[in-house]
Number of protein chains: 2
Amino acid sequence: MTEATIRDVAARARVSVASVSRALNGLNNVRGDTRDRILAAAEELGYVPHAGARSLSLARAHSIGVVLPDLHGEFFSECVRGMDREASRRGYLLLLSNMHDESDRAMKALRAMRGRVDGLLVMAPHVAPELLKEALSPALPAVLINCRQATPTRPSLRIDNHAGAEAVVRHLVASGRKRIVHLAGPEGNVDARERAEGYCRSLEALLPGTAPVILPGDFNESAGDAAARRILAGEIACDAVFAANDMMALGCLHRLREAGIAIPETIAIAGFDDVPLARYLGLTTVQVRIAELGTRAVARLLDQLEGKMQGNEEVLLTPELVLRGTTATNSQI
Amino acid sequence: MTEATIRDVAARARVSVASVSRALNGLNNVRGDTRDRILAAAEELGYVPHAGARSLSLARAHSIGVVLPDLHGEFFSECVRGMDREASRRGYLLLLSNMHDESDRAMKALRAMRGRVDGLLVMAPHVAPELLKEALSPALPAVLINCRQATPTRPSLRIDNHAGAEAVVRHLVASGRKRIVHLAGPEGNVDARERAEGYCRSLEALLPGTAPVILPGDFNESAGDAAARRILAGEIACDAVFAANDMMALGCLHRLREAGIAIPETIAIAGFDDVPLARYLGLTTVQVRIAELGTRAVARLLDQLEGKMQGNEEVLLTPELVLRGTTATNSQI
DNA sequence: TTGTATGCGTTATCAC
DNA sequence: GTGATAACGCATACAA
């Protein structure tokens, strides 16, 4: 009950394995009738080429490694969906692995890819540039997604967090908010850092003289809840909260509403990412096209693999501000 | 700048490739000092074994193929997360592929796994049993998840949809509902069918004489919206809607609320799955532990691969009813 | 303990 | 057009 090999097909068709290989790969240097015999034999045996052996011989695995951190639901699935779309369109499979927080397990995950994939897609917003560079084999093409990079030695894709944050602050200021606080993401995370930077810069530009107020957070809903409690306790005075991601914004929104605070009248709230929940709950946020991020990352990697080189520049995807109820400006300004 | 092979290591350590292999794989039949030389050489060259070659030689790829349909966000990510947890714990990688709707692409996806994986995890609630059986090579171990199966020839995992549906109906009846309609999922989908069956059976058992009313749906939010419109138009008389999944329930909920219908007073609504949105919006639903489904599927497959055979029985995971606001019974009964 | 040789399933380079 | 045969990178049975 073991799988038929190319030799079995050759024996049955009374030809050499070379001819089988040629016939099955559509080369034209094989006579019509022998080709037919071979195809028939393969069909009868239910022959399927052994991809592992094939890739060893061709030095091409036709699959790409995807190493992602522990992402929350929608973000993860959208990203993988986008990647899979482009990959399967171009005949590649995705080999998935987690970029664990402990850097030594992360290194292992990267090493495990060697010899099974033609290239790597790495998303590691929390990993230090040197560590990442060290863990990546120079021999294996890779596209970096939302990674910190000391010097741009790899092609990379990034969300333009500065632009997104600026759009939020601009909107809040335009709708009359004076005391905008920022609820930050985890330390060491590039996205979080850049969103905070964007907040600070825009505040300085649009509301000169106003000191930025940054509350610590970790991208989890509970951090938003905690921030809301501090606001309710009177520790923080503000008329707008800009959270570094949607989950924190929603945690904050939930708690404030429950305490009877009028949203957006008393306090406006905005997030970042535009997860489906944000749409449902009417949260103003910055829409990041995750699936597109994945699709483009794959496209970039495969272009590189197939010789259509593009250099190592960093491509920035500009996110879009989505206005919803938590900052509604109808009666304002 | 090409990757070092075992031969490079052998040359540098002045030993044969056999010794390198032995040393690196931790066999004890190699002298201490030569082992050290080898390890040092490997380290200096940054040698990482070529997994492809290794698996060809060992006839073990240490990775498993995962073929999923086009799942909505949370379901997909939770499932993969659960799988990855168990897989990486036991030293396996996940090779991902989409089970497309067109059965011929689906077959291709399955074939593409040959020679790269040690076993398959297949979720295909929409695929006919014969087609599925035909597409699966008997030589490749596989665990079926939420699949229809004529005769149980493969180990499989399933959600106990009957039990879940029954729990919902029982709850609705207990809280005084008399006219419960069911909003069904797509035809041909096992989960959808079983939930509808569970609804019918429970209705017959708990509300004898009441004719079941089943509205067509497709698991999408818009189907819930459409059903709500029919209810609002007076086409359907009911005091409770049990949707075959959460998204439809939420679509229905949204539309009814917008039309001023009191939920749950006038109409109660329940879903199935317990996606995060359900929790946020207070939707009564049936909680399916997706991640656990993935984890157990992997465990089952690896047990089989590692010789701990378990037979081909179908394991049912019992979901749990989660009571929330859309069916709240405080003032009822 | 160590080395040589063979095989894993393909593809590719030669001859014929 | 077709068939041997040498890679691909590794593991291992067998010799030494």
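Residues Leu93(A) and Ile64(A) have side chains not in contact (no heavy-atom distance under 4.5 Å, counting atoms from C-beta outward). Annotation: side chain of Gln149(B) is in contact with side chain of Ser156(B) (closest heavy-atom distance under 4.5 Å).
Heavy atoms of Arg35(A) sit nowhere under 4.0 angstrom from any nucleic acid atom. Counting any heavy atom pair closer than 4.0 Å across all strands shown, Ser55(A) reaches no nucleic acid atom. Within 4.0 Å of Val20(B), counting heavy atoms only, lies no atom of the nucleic acid at all. Among the atoms of the strands shown, base atoms are found under 4.0 Å from some heavy atom of Ser21(B). Among the heavy atoms of the strands, none lies under 4.0 Å from Ala59(A).
We find that CZ of Arg37(A) is positioned 15 Å from P of dG1(D), with the value rounded to whole Å. Rounded to an integer number of Å, the gap from His50(B) NE2 to dG9(D) C1' is 7 Å. Counting to the nearest Å, the P atom of dA7(D) and the CZ atom of Arg60(A) are 22 Å from each other. The distance from atom CZ of Arg7(A) to atom C1' of dT5(D) is 12 Å, rounded to the nearest whole Å. Here the C1' atom of nucleotide dC8(C) and the CZ atom of Arg116(B) are 17 Å apart, to the nearest Å. Summarising the geometry, the separation between CD1 on Ile6(A) and C1' on dG7(C) is reported as 16 Å, rounded to the nearest angstrom. Atom CG in Leu27(B) sits about 9 Å away from atom C1' in dA11(D), given to the nearest Å. Summarising the geometry, the separation between NE2 on His62(A) and P on dT10(C) is reported as 15 Å, rounded to the nearest angstrom.
Place Arg14(B) and Leu56(B) on DNA chain C by their nearest nucleotides, and Arg14(B) ends up nearer the 5' end. Toward the 5′ end of DNA chain C lies the nearest nucleotide of Ser16(B), the other residue of the pair Ala53(B) and Ser16(B) mapping further downstream.
Dashed line: the shortest gap from a side-chain N or O of Ser19(B) to OP1 or OP2 of dG3(C) is under 4.0 Å. Residue Arg54(B) places at least one side-chain N or O under 4.0 Å from the OP1 or OP2 atom of dA11(D). When the side-chain nitrogen and oxygen atoms of Arg31(A) are compared with OP1 and OP2 of dG1(D), none of them lie within a distance under 4.0 Å. Under 4.0 angstrom from either OP1 or OP2 of dT2(C) there lies no side-chain N or O belonging to Asn29(B).
With dG9(D), dG9(C), dT1(C) as the choices, the nucleotide that has an atom nearest any side-chain atom of Thr5(B) turns out to be dG9(D). Relative to the side chain of Tyr47(A), the nucleotides dG3(D), dG3(C), dT10(C) differ in distance, and dT10(C) lies closest. For Pro49(B), the side-chain atoms get nearest to dC10(D) when compared with the rest of dC8(C), dC10(D), dT2(C). Of all nucleotides listed (dT10(C), dT12(D), dG9(D)), dT12(D) comes nearest to the side chain of Leu58(B).
In this structure, the separation between CG on Asp191(A) and CE on Met123(A) is 8.5 Å, given to the nearest 0.5 Å. A distance of 10.0 Å separates CG of Leu144(A) from CG of Asn312(A), quoted to the nearest 0.5 Å.
Between Arg89(B) and Asp84(B) there is no salt bridge, since no side-chain N of the basic residue sits under 4.0 Å from a carboxylate O of the acidic one.
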One pair to check against salt bridge (charged side-chain N to carboxylate O under 4.0 Å, His left out): Arg300(B) and Glu313(B). What are the steps and the verdict?
CA-CA 11 Å; Arg300(B) 190 106 183 264; Glu313(B) 75 274 5; 3.7 Å; yes

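Taking 3.5 Å as the limit, the base of dG7(C) and the side chain of Ser57(B) contain a donor-acceptor pair of atoms between them. With hydrogens and angles ignored, no donor-acceptor pair closer than 3.5 Å exists between the side chain of Arg114(A) and the base of dG9(D).
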